[in-house]
Asks: 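Once you've had a glance at the structure underneath, I'll fire off some questions.
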Amino acid sequence: MRTEKHIKDLSRKEYVEKAHEILEKEGAEAISIRRLAKELGCSSTSLYRHFSNLEELLFFAQLGYLQDYLEDLRGHEGAWNNVWESHIGVWECFSRQAFTTPEAFDCIFFGAQSKHLPEALREYYEMFPEELQILSGYLQYMLQEGDFVKRDFYMSLRCLEAGVITLDNAIRMNHMSVYCFKGIFKGVLEQREKGEKKKIDVEQLVTEVVDCITDIVCMYAKDPLNIKRSK
């Protein structure tokens, strides 16, 4: 049996790692304070030394699903030749992971705990710095922005700095892109909440988002003829 001293030495990171492990294997419904205590060899009350409740821990554990998004970004980043390909490409990678694990991404970006996302992301990447360091500087900076609209606006500002869009149009593009994605994403979640058993066609939804984002970009870019469309 673990000693009391060892129990006190348990870190937030250990709780997050264990909760994410259970999430991936069995889903959120399999996580309980009692189970975590048993698997970590500590008392049920010790969790409250680090988290205000189980929901806060689950929120941190869900952040682990961002790792696949980061890996996807790293795999595609080298193929982007300009800011527009980068702008649309980030949306493509984000959409792919969002539709792969929609409940997790809904929790992270739109759920009750999402208001704490900026602080949570900073702490999470302090616990797991190796996850963020696989990307170039501008993507690392963007990923540490918790506000969903501001994340995309940071990418829009890169297009402004490159001289391919005006400030007013960058603002419009930012708002339209966010509304477009949220509309498609929330539609998928509503279908799942109604109990519809149809399997999510991730790539079809990614294509739908990318086509929508590309149309918006072409609407506001200074030279839309140079924007590549998805095949």
Side-chain angles (χ1 to χ4, degrees), residues 16-17 19-28 58-80 85-111 113-114 116-118 120-122 124-125 127-136 138-156 174 177-193 198-214 216-217 230-231:
V16 171
E17 287 176 325
H20 185 72
E21 178 186 318
I22 298 172
L23 266 176
E24 288 204 303
K25 293 179 180 178
E26 304 175 50
L58 285 172
F59 178 66
F60 271 87
Q62 301 273 25
L63 294 178
Y65 286 108
L66 293 176
Q67 180 61 15
D68 289 335
Y69 170 40
L70 270 60
E71 293 286 354
D72 203 16
L73 285 172
R74 181 175 67 170
H76 287 85
E77 185 182 5
W80 297 331
E85 290 185 17
S86 174
H87 184 87
I88 296 171
V90 168
W91 271 111
E92 178 181 357
C93 293
F94 181 84
S95 299
R96 181 170 292 111
Q97 297 311 319
F99 291 121
T100 300
T101 54
E103 285 78 13
F105 271 61
D106 187 47
C107 171
I108 294 169
F109 293 101
F110 308 116
Q113 292 284 333
S114 64
H116 304 299
L117 185 55
L121 282 173
R122 283 192 287 272
Y124 183 83
Y125 288 123
M127 289 191 280
F128 304 98
E130 68 281 358
E131 295 186 8
L132 192 61
Q133 290 170 1
I134 65 175
L135 298 170
S136 61
Y138 80 92
L139 287 175
Q140 288 188 32
Y141 186 87
M142 181 269 293
L143 288 164
Q144 291 180 81
E145 172 56 64
D147 184 272
F148 192 70
V149 176
K150 289 180 181 178
R151 287 165 70 91
D152 177 65
F153 190 58
Y154 175 74
M155 299 300 294
S156 300
N174 168 235
S177 298
V178 170
Y179 294 150
C180 164
F181 172 80
K182 286 183 70 174
I184 298 171
F185 183 67
K186 287 296 186 179
V188 170
L189 286 171
E190 287 173 6
Q191 290 178 352
R192 290 167 72 85
E193 289 170 1
K198 184 179 179 181
K199 184 179 179 181
I200 293 178
D201 188 333
V202 173
E203 290 306 318
Q204 179 181 335
L205 288 165
V206 170
T207 298
E208 185 177 347
V209 170
V210 169
D211 285 346
C212 182
I213 298 297
T214 303
I216 293 168
V217 165
S230 60
K231 296 179 181 179

Asks: Do Phe109 and Phe181 pass the ring pair (Phe, Tyr, Trp, His ring centres under 6.0 Å) test, and can you show the C-alpha distance, the side-chain angles, and the key distance before you say yes or no?
Replies: CA-CA 12 Å; Phe109 293 101; Phe181 172 80; 8.6 Å; no
Asks: If you take all heavy atoms of Ser156 and Asn174, which pair is closest and at what distance?
Replies: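 Minimum heavy-atom separation between Ser156 and Asn174: OG-CB, 3.9 Å.
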Asks: What pair of heavy atoms forms the shortest contact from Thr214 to Val210, and how long is it?
Replies: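 That would be OG1-O, 2.7 Å.
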Asks: Determine, for Arg74 against Glu77, whether the closest basic-nitrogen to carboxylate-oxygen distance falls under 4.0 angstrom.
Replies: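 No salt bridge links Arg74 with Glu77.
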Asks: As an exercise, state the distance from CG of Leu205 to CZ of Phe185, rounded to the nearest 0.5 Å.
Replies: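 Taking CG in Leu205 and CZ in Phe185, the distance rounds to 10.5 Å.
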Asks: Do Met155 and Ser86 come within less than 4.5 Å of each other through their side chains, counting heavy atoms only?
Replies: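 Heavy-atom side-chain distance check passes, below 4.5 Å.
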Asks: When you check the side-chain N and O atoms of Gln67 and Glu71, is any donor under 3.5 Å from an acceptor?
Replies: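 Glu71 and Gln67 do have a side-chain donor-acceptor pair below 3.5 Å.
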Asks: First locate atom OG1 of Thr101, then atom CD1 of Ile108, and finally report the distance between them rounded to the nearest 0.5 Å.
Replies: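 So the OG1 of Thr101 and the CD1 of Ile108 are separated by 7.0 Å.
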Asks: Do Thr100 and Asp68 come within less than 4.5 Å of each other through their side chains, counting heavy atoms only?
Replies: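 They are not in side-chain contact.
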Asks: Of Lys186, Gln62, Arg192, which is the lone residue that meets side-chain hydrogen bond (donor to acceptor under 3.5 Å, both in side chains) with Asp106?
Replies: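 The side-chain hydrogen bond (donor to acceptor under 3.5 Å, both in side chains) with Asp106 is passed solely by Lys186 among Lys186, Gln62, Arg192.
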Asks: How far apart are the closest heavy atoms of Trp80 and Cys93, and which atoms are they?
Replies: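 Heavy-atom minimum between the residues: CZ2-SG, 4.3 Å.
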Asks: CG of Leu58 to CG of Leu23: how many Å apart, nearest 0.5 Å?
Replies: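 CG of Leu23 is found 6.5 Å from CG of Leu58.
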Asks: Is it the case that the ring center of Phe105 lies less than 6.0 angstrom away from the ring center of Phe148?
Replies: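 No: the rings miss the under 6.0 Å criterion.
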Asks: Return the minimal non-hydrogen interatomic distance between Ile200 and Pro102, and the atom names on each side.
Replies: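 Answer, listing the atom of Ile200 first, then Pro102: CD1-CG, 3.9 Å.
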Asks: Would you confirm whether the ring centroid of Tyr65 sits within less than 6.0 angstrom of the ring centroid of His20?
Replies: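 Aromatic pair counts; centres sit under 6.0 Å.
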Asks: Would you say Ser114's side chain and Gly111's backbone share a donor-acceptor pair under 3.5 angstrom?
Replies: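 Indeed, once roles are kept as given, a pair shorter than 3.5 Å links the two residues.
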Asks: State, with a plain yes or no, whether a side-chain heavy atom of Leu121 is found less than 4.5 Å away from one of Leu66.
Replies: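 Counting from C-beta outward, Leu121 and Leu66 do come under 4.5 Å.
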Asks: To the nearest 0.5 angstrom, please state how far the CD atom of Glu92 sits from the CD atom of Glu203.
Replies: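 That separation rounds to 7.5 Å.
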Asks: So, for Phe99 and Val202, which heavy atoms are closest and what is the spacing to 0.1 Å?
Replies: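 Shortest heavy-atom separation between Phe99 and Val202 comes out as O-CG2, 3.8 Å.
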Asks: Of all heavy-atom pairs between Ile213 and Ser177, which one has the smallest distance, and what is that distance?
Replies: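 That would be CD1-CB, 3.5 Å.
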Asks: Taking the six-membered ring for Trp, is the centroid-to-centroid distance between Phe94 and Tyr69 below 6.0 Å?
Replies: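 Centroid distance Phe94-Tyr69: below 6.0 Å, so yes.
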